[in-house]
Amino acid sequence: MDEQANEQSPHFDLPPNVTCFARTDNAAGSERALCLEQLRNRALPYQEFRKNADKLFNLIADDMALQYIENEVILTPIFRAGLSLLPVFMKRIENSRLCSIGVKRNEETAMPEPYLFKVPPQMSEDAKFIILEPMIATAGTMCYSLGMLKQQGYNLHNIQIIAVFCALEAVNKLQQEFPQVQVHTEVVDPILDDKKYIVPGCGDFGDRYFGT
Ligand SMILES: O=P(O)(O)OC[C@H]1O[C@H](OP(=O)(O)OP(=O)(O)O)[C@H](O)[C@@H]1O
Ligand SMILES: O=c1cc[nH]c(=O)[nH]1
């Protein structure tokens with residue numbers, strides 16, 4: 001196993017629907033682990049944060065063999081931080097369409113507050129949703145979003161999530177509530193702080209990526 005990658009992820013058991021890159025022995029491992037290390041550095045200016053995040057997104061996409069997906073793909077960024085992953089994935093999957101989900105986590109209560117949900121019309125029945133969301137902390141935002149897709153009748157087996165940082169609590173919750181949904185994350189961090197931020201995590205991903 002790659003030593004740098006290994007350091008990124010403590011050894012707790014993960015649910016079967018979760019794959020966590022930082023534990024695997026992969027040729028791109030060191031580079032990805034280095035990007036993660038940079039993202040964790042709170043002193044990094046937003047331009048550098050964005051550069052490292054974009055590099056990491058490209059490495060994630062390289063590893064996903066996206067060119068072999070035969071189904072129609074609906075890229076589904078959760079606004080706003082999920083938009084950061086969109087350019088890389090749109091470029092790789094040229095025929096993809098967009099499902100827009102806007103859910104804001106309330107800063108006081110950490111509860112999800114929805115403001116936008118727009119799916120493309122006339123999708124094929126086996127269309128595959130790729131949800132783009134760098135941070136899954138309590139999983140409140142993600143469970144709410146998956147609940148909306150389920151309510152609209154979409155097949156949960158056709159949904160996968162691309163994340164960067166997940167809290168252990170979040171992956172366990174996703175396993176309990178949506179075991180059919182595959183989660184691919186770079187790393188699973190062990191705890192949440194009293195404001196429900198991932199620890200060690202990287203702080204507020206959206207603010208750091210967009211420079212707000
Ligand atoms: O798992 P949860 O506890 O729900 O937290 C994760 C959510 O919080 C962040 O978004 P935020 O609402 O801060 O908005 P942003 O994307 O605009 O930064 C993040 O991008 C997730 O959407
Ligand atoms: O740690 C966290 C939790 C929610 N949203 C973030 O951007 N970071």
Side-chain angles (χ1 to χ4, degrees), residues 8-10 14-15 17-18 20 22 35-46 48-50 52-54 56-57 60 75-89 98-118 129-150 159-178 181-212:
Q8 296 280 345
S9 186
L14 292 178
N17 65 330
V18 177
C20 173
C35 289
L36 265 184
E37 209 177 291
Q38 293 292 312
L39 298 183
R40 288 192 190 284
N41 174 6
R42 309 298 201 268
L44 202 69
Y46 78 90
E48 289 300 313
F49 184 91
R50 191 184 295 166
N52 278 280
D54 289 345
L56 181 60
F57 300 159
I60 294 171
L75 291 175
T76 308
I78 301 194
F79 290 27
R80 166 195 59 158
L83 289 171
S84 60
L85 285 140
L86 190 59
V88 166
F89 280 77
L98 182 73
C99 172
S100 306
I101 297 185
V103 180
K104 175 92 191 103
R105 192 172 89 144
N106 183 298
E107 284 179 13
E108 303 297 320
T109 64
M111 295 303 286
E113 294 177 351
Y115 58 90
L116 173 70
F117 180 68
K118 189 162 173 52
F129 285 82
I130 300 182
I131 299 186
L132 305 172
E133 169 60 273
M135 306 302 284
I136 311 183
T138 63
T141 300
M142 188 55 72
C143 287
Y144 190 91
S145 305
L146 291 169
M148 286 200 288
L149 291 170
K150 184 179 175 189
I159 300 179
Q160 61 174 304
I161 297 167
I162 309 297
V164 178
F165 294 92
C166 283
L168 182 59
E169 175 180 322
V171 295
N172 287 332
K173 183 170 169 163
L174 286 169
Q175 164 66 17
Q176 270 171 12
E177 298 192 17
F178 297 97
V181 174
Q182 282 298 314
V183 183
H184 304 278
T185 183
E186 282 303 286
V187 71
V188 176
D189 279 349
I191 47 174
L192 295 175
D193 68 12
D194 55 359
K195 291 195 163 145
K196 305 287 183 196
Y197 273 78
I198 300 169
V199 179
C202 72
D204 189 309
F205 192 99
D207 281 349
R208 296 196 64 199
Y209 186 92
F210 292 112
T212 50

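In what follows, residues are counted from 1 in the order of the sequence shown. First listed ligand is number 1; within each ligand, the first listed atom is number 1.
Shown in contact with Ile136 at under 4.0 Å from a heavy atom are these atoms of ligand 1, numbered in order with element: 1 (O). Residue-ligand proximity, Gly203 to ligand 2, at heavy-atom distances under 4.0 Å covers atoms 1 (O), 2 (C), 6 (C), 7 (O), 8 (N). Short contacts between ligand 1 and Asp204, defined as distances under 4.0 Å to a heavy atom of the residue, involve ligand atoms 18 (O). Atoms of ligand 2 lying under 4.0 Å from at least one heavy atom of Ile198, given by number and element, are 1 (O), 2 (C). Listed by number with element, the atoms of ligand 1 under 4.0 Å from a non-hydrogen atom of Thr141 are 2 (P), 4 (O), 7 (C), 22 (O). Those atoms of ligand 2 that come under 4.0 Å of a heavy atom in Ala137, given as number and element, are 3 (C).
Here the side chain of Asn17 pairs no donor or acceptor atom with the backbone of Gln182 at under 3.5 angstrom. The backbone N or O of Leu39 sits nowhere less than 3.5 Å from a side-chain atom of Asn52 that would complete a donor-acceptor pair. Although no hydrogens or angles enter the test, the distance criterion places a donor-acceptor pair under 3.5 Å between the side chain of Arg208 and the main chain of Cys202.
Within the structure, the closest approach of Arg208 to ligand 2 does not fall below 4.0 Å when heavy atoms are considered. Residue contacts with ligand 1 do not include Ala110, since none of its heavy atoms lies under 4.0 Å from the ligand.
Distances from atom 20 (O) of ligand 1 to the heavy atoms of Lys173, Glu133, Lys104 show the closest one on Glu133.
Between Glu133 and the options Thr185, Ile78, Val103, Thr76, a side chain to side chain contact (heavy atoms under 4.5 Å, CB included) holds for only Ile78.
In this structure, the protein non-hydrogen atom closest to atom 16 (O) of ligand 1 is Ala81 N, 2.8 Å. Protein heavy atom at the shortest distance from atom 18 (O) of ligand 1 is Arg80 NH2, 3.1 Å. In this structure, the protein non-hydrogen atom closest to atom 2 (C) of ligand 2 is Tyr197 CD2, 3.3 Å. Counting only heavy atoms of the protein, atom 3 (O) of ligand 1 lies nearest to Thr138 OG1, 2.5 Å. Closest to atom 5 (N) of ligand 2, if we only count protein heavy atoms, is Met135 CB, 4.1 Å. Of all protein heavy atoms, the one closest to atom 12 (O) of ligand 1 is Arg105 N, 2.6 Å. Here the protein heavy atom with the shortest distance to atom 6 (C) of ligand 1 is Met135 O, 3.4 Å.
The N/O atoms of Phe205, backbone and side chain alike, include one that comes under 3.5 Å of an N/O atom in ligand 2. For ligand 1, the polar-atom distance check finds no N/O of Ile78 at less than 3.5 Å from any of the ligand's N/O atoms. Residue Asp207 places no N or O, backbone or side chain, under 3.5 Å from any N or O of ligand 1.
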The test is side-chain hydrogen bond (donor to acceptor under 3.5 Å, both in side chains); show your working for Thr212 and Arg80 and say whether it passes.
CA-CA 12 Å; Thr212 50; Arg80 166 195 59 158; 3.1 Å; yes

Residues Lys195, Asp204; criterion salt bridge (Lys or Arg N to Asp or Glu O under 4.0 Å); working and verdict
CA-CA 11 Å; Lys195 291 195 163 145; Asp204 189 309; over 6 Å; no

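A cation-pi contact, defined as under 6.0 Å to the ring centre and within 45° of the axis, is absent between Arg40 and Phe49. With a 6.0 Å cutoff to the six-membered ring centre and a 45° limit on the axis angle, Arg50 counts as a cation-pi contact of Tyr209.
A side-chain N or O of Glu113 and one of Asn106 form a donor-acceptor pair less than 3.5 Å apart.
Within 4.0 Å of atom 9 (C) of ligand 1, not a single protein heavy atom is present.
If you take CG on Leu85 and CG on Leu56, they are separated by 8.5 Å, rounding to the nearest 0.5 Å. Distance check: Glu169 CD to Asn172 CG gives 8.5 Å after rounding to the nearest 0.5 Å.
Other residues, nucleotides and ligands contribute more than 12 heavy atoms inside 6.0 Å of the CZ atom of Phe79.
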